[in-house]
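Per chain, numbering begins at 1; letters A, B, ... match sequence-line order.
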There are 2 protein chains.
Amino acid sequence: MAAVDLSTHPGHLARRLQQAHYLLWNTMVSEEITSPQFAVLNTLVAEPGLDQRTVGERVGLDRSTIAEVVSRLGRRGLLGKARDPQDGRRFLLDLTEEGVRVHRRLTVRTARMNQVFLAPLSAEEQEQFFALIGRVADAAEKLRAV
Amino acid sequence: MAAVDLSTHPGHLARRLQQAHYLLWNTMVSEEITSPQFAVLNTLVAEPGLDQRTVGERVGLDRSTIAEVVSRLGRRGLLGKARDPQDGRRFLLDLTEEGVRVHRRLTVRTARMNQVFLAPLSAEEQEQFFALIGRVADAAEKLRAV
DNA sequence: CAGGAATACTCAGTGCGCTGACTAACTGCC
DNA sequence: GGCAGTTAGTCAGCGCACTGAGTATTCCTG
């Protein structure tokens, strides 16, 4: 029996965490808009008119994935795409009014969901939670960059 | 600018963590066998002859997803499926010799990868990392069970 | 200013992960 | 024994996420 205990596997833990979040999001925030889609909306509220690649970079999605997410949001009428007149390769993205409205509505629910999600941890532990995961993710992303 | 800082969003953090792990796995462990597939192999080393649903439960995959993962592993000749003679609804799963060999080989590499992945944290911090994520994931899964 | 390198994006292919609807098999109760 | 309810698995459909190949545009360098 050379098997390993999965609970000491960070990858397995990360997957469980993400799935748990996904389910909670579905019940507490929205069944229509997913968490990555919200991240895109959120980025465009902060920086309207950003190009597609940069949006992807902000939310941590590669060019293929961001293209699909953007196209879905476009189909739902939450954002618009336009060629950059300065650089014909780029697409510039902007929220529609509906997109802004949806973002505003979901922001409230997201905050509530995050509270529930992190409720098992004390305020101090929540700090550690963010810091530890952030450090591991940052380090791994840097390994990739090389 | 009603935008939120994504770095304080546990869902976004969880996704980044998982992607970072995915990339490292690809370069350090295997391009063929994925982390969930390894989890299935690992479960069957510990408990040979388990049925498909229970394997899914052990590794945290729903019945649809475990069916796909199992079918892929079957196509690669790493495990075999057989109807349970006691209960015609069930499929019992068993690793082939090749499956056992692959599991043994990947176990070593996985341990090495985990070390690299967690290297930014001290031993004490690694404990916290496991504990905090485990508690949040457990709590969220319990919410679901209700 | 022309040709090669870099950049933004698309498309095809693979894999994980979920829901909801369906089929087949078993279980329990009358 | 028969029928209702539960359970294991499949299938279709959606969405995220990556790689690798291909196209169009821009940038850089000789």
Q | Rounded distance in Å - CG (Asn26(A)) to C1' (dC16(D)) | A | 13 Å
Q: Using distance alone, with no hydrogens and no angle criterion, decide if Thr54(B) and Asp51(B) have a side-chain donor and acceptor under 3.5 Å apart.
A: yes
Q: Return the value, rounded to whole Å, for the distance between atom CG of Leu24(B) and atom C1' of dC18(D).
A: 15 Å
Q: Kindly state each residue pair satisfying ring pair (Phe, Tyr, Trp, His ring centres under 6.0 Å) with at least one member in residues 114-135 of chain A, sequence neighbours excluded.
A: His21(A)-Phe117(A)
Q: Please identify each residue that fulfils salt bridge (charged side-chain N to carboxylate O under 4.0 Å, His left out) with Arg101(B), with sequence neighbours left out.
A: Glu98(B)
Q) Please give, in whole Å, the distance from dG15(C) C1' to Gln19(B) CD? A) 14 Å
Q. For Asp62(B) and Thr65(B), does a side-chain donor sit closer than 3.5 Å to a side-chain acceptor?
A. yes
Q. If each of Pro36(A) and Pro85(A) is mapped to the nucleotide of DNA chain D with the nearest heavy atom, which maps nearer the 5' terminus, i.e. the 5' end?
A. Pro36(A)
Q. Under 4.0 Å between a side-chain N/O of Thr65(A) and OP1 or OP2 of dC18(D), yes or no?
A. yes
Q: Remember a base hit wins even if backbone is also touched, and classify Asp87(A) as base, sugar-phosphate or nothing at under 4.0 Å, heavy atoms.
A: sugar-phosphate
Q: Take atom CG of Leu17(A) and atom C1' of dG17(C), then tell me their distance rounded to the nearest Å.
A: 15 Å
Q | For atom CG of Asp84(A) and atom C1' of dC27(D), their distance in whole Å | A | 15 Å
Q: Figure out the CD/C1' separation between Glu31(A) and dT19(C), and round it to whole Å.
A: 10 Å
Q) Over how many whole Å does the gap from Glu57(A) atom CD to dT7(C) atom C1' extend? A) 13 Å
Q: For nucleotides 9-15 of chain D, just jot down a letter per nucleotide in 5' to 3' order: B, S or -, based on protein non-hydrogen atoms under 4.0 Å.
A: BBBB--S
Q.
It should be established whether Arg15(A) places a side-chain nitrogen or oxygen under 4.0 Å from OP1 or OP2 of nucleotide dG17(C).
A. yes
Q | Whole angstrom value for the distance that separates C1' of dC11(C) from CG of Asp62(A) | A | 13 Å
**Q.** Residue pairs involving residues 79-88 of chain A (criterion side chain to side chain donor-acceptor pair (under 3.5 Å); sequence neighbours excluded)
**A.** Asp87(A)-Arg89(A), Asp87(A)-Arg90(A)
Q | Residues that Phe38(B) engages under ring-ring contact (aromatic ring centres under 6.0 Å, His included), provided they are two or more places apart | A | Trp25(B), His103(B)
Q) If you look only at pairs with a residue in residues 120-130 of chain A, which of them pass as a side chain to side chain donor-acceptor pair (under 3.5 Å), with sequence neighbours excluded? A) Ser122(A)-Glu125(A), Glu125(A)-Arg135(B)
